[in-house]
Amino acid sequence: MRRPPPPAPSSPPVQPVVLGGDIGAYSLARAAHEAYGVRTVVVSSAATGPVRRSRVVDHVVVPGVDAPEVAVAALHRVADEHAASGSGAPLLLLGSADRAVRLLVEQRAHLEDRFVLPYVGRDLLDRMTDKEGFGAVCAELGIPSPRTVVVDVQRDARATGGPGVDVGRTVGGGAPLTFPVIAKAASTTAYAGVSFPGKQKVFTVRDAVELDDLVDVLARAGYRGTFLVQDLVPGDDSGMRILTCYSDRSARVRFSSFGRVLLEEHTPGALGNPAGIVTGGGAEVAEQARRLLEHVGWTGYANFDLKVDPRDGRAVFFELNPRLGRSNYYVTASGQNPVELYVREHLQGLDPLPPGAPELADAERLYTVLPPALLLRYVADPALRAHVRGLVRSGRAVDPLRYGPERDPRRLAYVAAAHLNQVRKYRRHYPLERAREIRAEAEELVRRGAA
């Protein structure tokens, strides 16, 4: 396999290229700029707010870039322009979302002669990003994951002559599910290709009729994958946890960064993405993730969604994302620049972790994409709220979009407007009254389970 040439002594050690234009892409660009002073080439289908008018991004807008042939052609043009510039810096190609990573992995043969692609092969990607397959590995290793019923949408939908969903068919023969339950696509990539009114990333389903109706809608929309119906772990967003691990090319986990989620986003298209995180801790779940990743031979970054079950105190693993997550700047805030591990191992031939760096990030910071006052309104626990307020007052709060070198007045206006818009979004999609209801429902579920 042909590799890009090493950089000239006077050139930066890397030229990052990111496919996708969301806040995760900007966070990667910011991290690269902090570490190496380089501007990142971001390729996306539209001029999105997070990367527009940025001084750390060279933005390339390519309509239809989600199509493989369009993306490959656009990336080759980027490589041609980079070669013509005379820079010796190798091109590090990253995806900012699951769909982008999958495209890069599937098109590796057309890209790897010009780019470094630090991702696993297609077979392992398929196995571990399918939530059904991920759950099977968790069960094999005794790692907590939700009880699950696998629904073949086209087979089980009443709209196609099926029998409806039987929530007693749990994987592994466990106890039947009881309502309410969670329902979500086994493959986010397959799900991204369908559209229907009321589409959400994750559904909370109250009863059997509502579940059958949802499966019928999916079938009529043309979804042909599986849907997972899972045990609802009680509690609000503050029960969520996030973990990011880096495995070297020999599939050894070398670094982990953990965070306690305070609040998630609640707009239908972004539901479940962390909006506020306190970094630090997480040794026990990091060890569980290490066992899983080394068992399957994972390399590069893996990002896990977890939730603490108040019924038994266990952290339950929901899924593996094959990349640095949308909220990846929490890793940088926790004390380790994630781009540096890529560069050290894949471009400089060094140990990925810098000398003296901890294997488990230990800096305590607040990551937030919200105005602190809005975030604090949703933190119900008084002690935790006081702690978060202390992080803000002591200057240990970080917003990925607020970066000193970004001084374009139009961009500053966008960031200010985006923060104000968050207030409107939460009022509409997740008012405080709804947050209180969820906490009360969780307390009732816990009481019911104890009884």
Side-chain angles (χ1 to χ4, degrees), residues 24 98 128-148 171 181-186 188 201-202 204 228 230-247 253 255-266 270-296 298 301-328 330-331 333-334 338 359-362 364 367 379 381 384 438 442 445-446:
D98 289 353
M128 298 307 295
T129 59
D130 180 271
K131 296 178 182 64
E132 183 180 352
F134 175 75
V137 175
C138 288
E140 179 184 353
L141 298 176
I143 294 173
S145 61
R147 285 181 297 138
T148 300
V171 174
V181 295
I182 293 294
K184 57 189 176 183
T188 54
K201 182 179 176 182
V202 179
T204 299
L228 303 185
Q230 295 182 325
D231 181 31
L232 186 153
V233 178
D236 64 2
D237 296 352
S238 64
M240 296 299 298
R241 303 291 184 265
I242 186 170
L243 176 69
T244 302
C245 300
Y246 183 86
S247 301
V253 174
F255 169 75
S256 300
S257 177
F258 178 80
R260 174 175 182 172
V261 176
L262 304 172
L263 183 63
E264 295 181 330
E265 296 188 48
H266 282 267
L271 185 66
N273 292 311
I277 303 169
V278 174
T279 68
E284 182 177 352
V285 295
E287 172 58 22
Q288 292 173 319
R290 182 198 63 77
R291 287 198 296 117
L292 185 150
L293 293 170
E294 294 184 356
H295 175 74
V296 301
W298 192 265
Y301 280 105
N303 173 252
F304 297 93
D305 294 331
L306 311 94
K307 190 172 187 180
V308 174
D309 191 331
R311 297 168 293 192
D312 56 19
R314 298 184 309 162
V316 178
F317 282 70
F318 288 154
E319 63 182 348
L320 179 155
N321 300 301
R323 55 181 169 82
L324 286 160
R326 175 184 170 96
S327 53
N328 69 78
Y330 96 90
V331 179
S334 73
E359 293 186 359
L360 179 63
D362 54 7
E364 189 177 49
Y367 163 97
V379 180
D381 180 78
L384 180 58
I438 289 174
L445 286 171
V446 172

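Starting from 1, each residue takes its place in the sequence as its number.
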Angle between ring planes, Y246 versus Y301, binned at 30° and 60°: parallel, tilted or perpendicular? perpendicular
What's the shortest heavy-atom distance between A289 and F304, and which atoms? CB-CE1, 3.8 Å
When rounded to the nearest 0.5 Å, the distance separating CD of E294 from OG of S247 is 6.5 Å
Nearest heavy-atom pair of C245 and L293: which atoms, and what distance? CB-CD1, 3.7 Å
Answer yes or no: is there a side-chain heavy-atom contact under 4.5 Å between V379 and L263? no
Any non-hydrogen side-chain atom of H295 less than 4.5 Å from a side-chain atom of V137? yes
Determine whether a donor-acceptor pair (N or O, by modelled atom type, separation under 3.5 Å) exists between the side chain of K201 and the backbone of G272. no
Say you draw a straight line from CG of D305 to CZ of F318; how long is it, rounded to the nearest 0.5 Å? 8.0 Å
I'd like to know if the side chain of R291 reaches the main chain of L141, judged simply by a donor and an acceptor atom lying under 3.5 Å from each other, with no hydrogens or angles considered. yes
Side-chain touch L320/K131, heavy atoms, less than 4.5 angstrom: no
For T279 and E364, run side-chain hydrogen bond (donor to acceptor under 3.5 Å, both in side chains): C-alpha distance rounded to whole Å, both residues' side-chain angles, the deciding distance at 0.1 Å, then the answer. CA-CA 5 Å; T279 68; E364 189 177 49; over 6 Å; no
Distance, nearest 0.5 Å, that separates OG of S238 from CZ of R260: 6.0 Å
Within-4.5 Å side-chain heavy-atom neighbours: N321 and D98: yes
Quick one: are F255 and T244 in side-chain contact, heavy atoms under 4.5 Å? no
So F134 and F317, would you call those rings parallel, tilted or perpendicular, with 30° and 60° as cut-offs? tilted
Whether T148 side chain and P146 backbone form a donor-acceptor pair below 3.5 Å: yes
Determine whether Y367 and L262 make a side-chain contact, defined as any pair of heavy atoms from C-beta on separated by less than 4.5 Å. no
Side-chain heavy-atom pair S145, Q230 within 4.5 angstrom cut-off: no
Looking at every non-hydrogen atom in both residues, tell me the closest pair between L243 and V285 and how far apart they are. CD2-O, 3.7 Å
Does one side chain, of S334 or S257, offer a donor that lies under 3.5 Å from an acceptor on the other? yes
Full working for side chain to side chain contact (heavy atoms under 4.5 Å, CB included) between V308 and R241: CA-CA 7 Å; V308 174; R241 303 291 184 265; 3.8 Å; yes
Ion pair D231/R311, N-O distance below 4.0 Å: yes
Side chain E132, main chain L228, donor-acceptor under 3.5 Å: no
Donor-acceptor under 3.5 Å (N303 side chain, R323 main chain): no
Atom CD of E284 with >12 non-hydrogen neighbours under 6.0 angstrom: no
What are the two closest non-hydrogen atoms of V202 and L271, and how far apart are they? O-CD2, 3.4 Å
Is it the case that the side chain of K307 and the backbone of G235 share a donor-acceptor pair, with hydrogens and angles ignored and the cut-off at 3.5 Å? yes
Would you check if V296 and M128 make a side-chain contact, meaning some heavy-atom pair closer than 4.5 Å? yes
Nearest heavy atoms of V446 and P310, plus distance in Å: CG2-CG, 3.7 Å
Would R326 and E265 pass as an ion pair if we require N to O under 4.0 Å? yes
For G259 and I277, the nearest pair of non-hydrogen atoms, with its separation, is CA-CG2, 3.6 Å
Would you check, one step at a time, whether the test side chain to side chain contact (heavy atoms under 4.5 Å, CB included) holds for N273 with S327? CA-CA 7 Å; N273 292 311; S327 53; over 6 Å; no
